[in-house]
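Below, each value reflects all heavy atoms present in this structure, side chains not excepted, and no hydrogens, waters or symmetry copies.
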Amino acid sequence: MGQPESREYREPERAELPPGQRLQRGWPVTHYGPVPRFKPDRWEFRVFGATADGDKRCWNHDEFSALPFSTVVADLHCVTKFSMVGAEWGGVPARTILDLAPPVPAVTHVMVWAEYGYSSNLRLADFVSDRTIFATHKDGELLTAEHGFPVRLVVPHLYAWKGPKWVRGVEYMTADRRGFWEERGYHNVGDPWAEQRYSYQELPGDGPEL
């Protein structure tokens, strides 16, 4: 994976924020549980579940770091109501993972798995967005451990909890099921522009069928 050049952060002249959000200067550290210790010799990124060939695909850290590098300039909207705007995220586009490890046509959702068994479910359409990226860098610098090093998912058009830190893999699913925060009362979709914060706001079709 190519190393990006450092660049000076420039705040946008005008930031349009989703309803209920406030502009954040700097990047607060927010997560559940302790920061995991990175062990490169044991780390792997895997894709499993309903893959096209029925097998799982794994990359160790060196192999994952060698995948094509891309950048996306995008905002980060936290459900706690702060928004960080205009950040440059560098890493591996989610679409690249789908191309390298295709799902079966019946796949509708993915579960993104992270350290300590943390998970977040996404509609396939959200996952394959051109702006969804497995980020290793922010503004030209490697992520810190507190912010998700070595890999965090960034899904700019959804609330930030939909993009876990310390990602370890992706599961392809032919039916939806809730992830960690979704099981604990957060909205199954998480669109900040519609203020989809909590599960009681869900409409028919937003969540898994019972």
Answer yes if the ring centres of [X] and [Y] are under 6.0 angstrom apart, and no otherwise.
| X | Y | result |
| --- | --- | --- |
| Trp161 | Tyr186 | yes |
| His109 | Phe127 | no |
| His61 | Phe38 | yes |

Please name all residues satisfying salt bridge (charged side-chain N to carboxylate O under 4.0 Å, His left out) with Arg57, sequence neighbours left out, ordered by chain then number. none
Will you find, in the side chains of His157 and Asp126, an N or O donor that is under 3.5 Å from an N or O acceptor? yes
Tell me which donor-acceptor pairs under 3.5 Å the side chains of residues 40-48 have, and how far apart each pair is, sequence neighbours excluded?
none

Any donor-acceptor N/O pair, [X] side chain to [Y] backbone, under 3.5 Å:
| X | Y | value |
| --- | --- | --- |
| Arg22 | Ser83 | no |
| Asp191 | Gln196 | no |
| Trp166 | Ala145 | yes |
| Glu195 | Pro192 | no |
| Asp139 | Ala87 | no |

Between Asn188 and Arg178, does a side-chain contact (heavy atoms from CB on, under 4.5 Å) hold up when you go through it step by step? CA-CA 7 Å; Asn188 197 58; Arg178 295 180 188 272; 3.5 Å; yes
Contact check, side chains of Trp89 and His137, non-hydrogen atoms, under 4.5 Å: no
Below 30° counts as parallel, above 60° as perpendicular, anything between as tilted: where do the rings of Trp193 and His77 land? perpendicular
Would Arg184 and Phe180 count as a cation-pi pair here, with the cationic atom under 6.0 angstrom from the ring centre and within 45° of the axis? yes
Atom pairs and distances, side-chain donor-acceptor, residues 94-101, under 3.5 Å, sequence neighbours left out:
residue : atom : partner : partner atom : Å
Arg95   : NE   : Val128  : O            : 3.4
Arg95   : NE   : Asp130  : OD1          : 3.2
Arg95   : NH2  : Val128  : O            : 2.7

